[in-house]
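Values in this document were obtained by computation on a predicted structure and should not be read as measured data. In this chain, residues are counted from 1 in sequence order.
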Amino acid sequence: MSFRKGFEVKFGYGMRSKSQTKRVVGEVNCSLVVVDGLKQSCWANMPTELLRDVLIRIETSQDTWPSRKHVVACAGVCRSWRQIIQEIVKPPQLSTHLTFPISLKQPGPRGSLIQCYIKRNRSNQIYYLFLSLNQASTDDGKFLLAARKCRRATHTDYIISLNYDDVSRGSNTYIGKLRSNFLGTKFTVYDAHPAICGAKVAKSRSTRLVSSKQVSPRVPAGNYPVARVSYDLNVLGSRGPRIMQCVMDAIPASAVEPGGVVPTQTQLLHSRIDTSPSIPFFRSKSTRMENLQSLPLTSQNEGTLVLRNKSPRWHEQLQCWCLNFNGRVTVASVKNFQLVASPKNGVSEQAQETVILQFGKVGKDVFTMDYQYPISAFEAFAICLSSFDTKIACE
């Protein structure tokens, strides 16, 4: 192949006339002028202190969605802008704002509930989590997460994704899942990213290599157990609300007390092969079982936060079990619940009365979900998904 022919094939120019060549060169020169103009713009030459002041003003003024999208847009301008925005934007614990996707993995604010709602699509078995923008309506909201129900022979999986349309475990927006047992009485919440240093993958079968279109072709996504949800059996079929308990494996019991802290993720990064535990990607069944047996039992961990559902009171006039949801729940349902710290944690009585997560029905396929510190939106959403699952011998 001649040099000219190879050049034409590589760059796709083909046989061009002199006028076409001049036009192409002119377009290239024009683009170079535009790029050079951006480099010489006032924003590029602005002092860092002044730029920071401008971005702080933007972040302060755009404190609600959808106007907060301008803060996200500023973080996408360039690396220096992104670094400043990351320093300015505080986590939900301090700001009460959900700005970036990582905010969904960070604890909510102390002393106030972040109000969200869940919409259920019965036709495709997908559940959508939205941030409430208007307390009086659930018609509009900021999309946060989506979960798709996948029935298996012995269990049920709820695949959780950051993408509204692509809710699959093979997507680069997959962030975790909820898995139930056959009876629908025990659930485990898995995080696709390690919540804390030293976290161990619970099951290698679903560990996968990220595709070449994603951030890195050498990044695996595993299943890191972060919470367990269990419902008490009701074999006799006695009337009454469900009894549930949640063990938050990644949250210490002291987190609900004043001054308590929670390990917090700062970036949505997958653990790399050379820094994570040794995980071969082709294993026999016996190898998988050996690794499962070698993992420490999370129930043996001491000091983890245990949540229980708040006991409702029987209303004689209404002849039903009642909880005070402060107007956030309007339809009676066995799915409704409020979670508080369990006395097993050894915490104060005040901490045992503080509602950390509440979930309830407001329409045929619409449910409210409100949460606060020390759990995150991802953990709260996964716990609420467990309430949707069919439960044999629990009701």
ask   = Excluding sequence neighbours, so at least two apart, what forms side chain to side chain donor-acceptor pair (under 3.5 Å) with D166?
value = S168, S171
note = Sorted by chain and number, sequence neighbours left out, salt bridge (Lys or Arg N to Asp or Glu O under 4.0 Å) with K149 holds for D389
request  = Enumerate the residue pairs fulfilling ring-ring contact (aromatic ring centres under 6.0 Å, His included) with a member in residues 73-95, sequence neighbours excluded, ordered by first and then second residue.
outcome  = W43-W81
Exam field: side chain N121 to backbone S123, donor-acceptor pair closer than 3.5 Å = yes
task = Can you tell me which residue pairs pass the salt bridge (Lys or Arg N to Asp or Glu O under 4.0 Å) test with a partner in residues 54-78, sequence neighbours excluded?
result = D53-R57, E59-R68
request  = Report the residues that fulfil side chain to side chain donor-acceptor pair (under 3.5 Å) with Q372, sequence neighbours left out, ordered by chain and then residue number.
outcome  = none
query = Counting N and O atoms only, with roles assigned by atom type, does the side chain of S387 sit under 3.5 Å from a partner on the main chain of C384, one being a donor and the other an acceptor?
reply = no
Expected output: side-chain N345 to main-chain V306 donor-acceptor under 3.5 Å = yes
request  = Output the distance between atom CG (L357) and atom CD (Q338), rounded to the nearest 0.5 Å.
outcome  = 9.5 Å
message = Is it the case that the side chains of Y371 and S376 hold a donor-acceptor pair, with the cut-off being a distance below 3.5 Å and no angle test?
response = no
request  = In plain terms, say whether D191 and K105 are close enough for a salt bridge, that is, a side-chain N and a carboxylate O under 4.0 Å apart.
outcome  = yes
query = Do N336 and K361 come within less than 4.5 Å of each other through their side chains, counting heavy atoms only?
reply = yes
Listed partners of Y128 passing ring pair (Phe, Tyr, Trp, His ring centres under 6.0 Å), at least two apart = Y164
R110 to Y373, cation-pi by 6.0 Å centre distance and 45° axis angle = yes
key: Check: T96 side chain, P92 main-chain N or O, donor-acceptor pair, under 3.5 Å   = no
ask   = Sub-3.5 Å donor-acceptor pair from the side chain of S132 to the main-chain atoms of N134, do we have one?
value = no
inquiry  = Can a side-chain donor-acceptor contact be found between D370 and Q358 if the only test is distance below 3.5 angstrom?
reply    = yes
inquiry  = Tell me every residue that passes ring pair (Phe, Tyr, Trp, His ring centres under 6.0 Å) with F367, counting only those two or more places apart in sequence or in another chain.
reply    = F359, F388
task = Check whether any side-chain N or O of R148 sits under 3.5 Å from a backbone N or O of V167 as a donor-acceptor pair, and report yes or no.
result = yes
message = So I243 and N309, do their side chains get closer than 4.5 Å, heavy atoms only?
response = yes
query = Distance-only, no hydrogens or angles: does the E379 side chain make a donor-acceptor pair with backbone N or O of P107 under 3.5 Å?
reply = no
query = side chain to side chain donor-acceptor pair (under 3.5 Å) with T48: which residues, sequence neighbours excluded?
reply = none
message = Please enumerate all residues that pass salt bridge (Lys or Arg N to Asp or Glu O under 4.0 Å) together with K335, with sequence neighbours excluded.
response = none
request  = Sequence neighbours left out, what passes side chain to side chain donor-acceptor pair (under 3.5 Å) with K90? Give chain and number order.
outcome  = none
key: Exam field: side chain Q106 to backbone Q265, donor-acceptor pair closer than 3.5 Å   = yes
ask   = Of all residues at least two apart in sequence or in a different chain, which pass the salt bridge (Lys or Arg N to Asp or Glu O under 4.0 Å) check with R120?
value = D365
message = Strictly distance-based, threshold 3.5 Å: is any side-chain N or O of T188 a donor or acceptor partner for the main-chain N or O of K186?
response = no
request  = Under the salt bridge (Lys or Arg N to Asp or Glu O under 4.0 Å) rule, collect the residues that match up with E257, sequence neighbours excluded.
outcome  = none
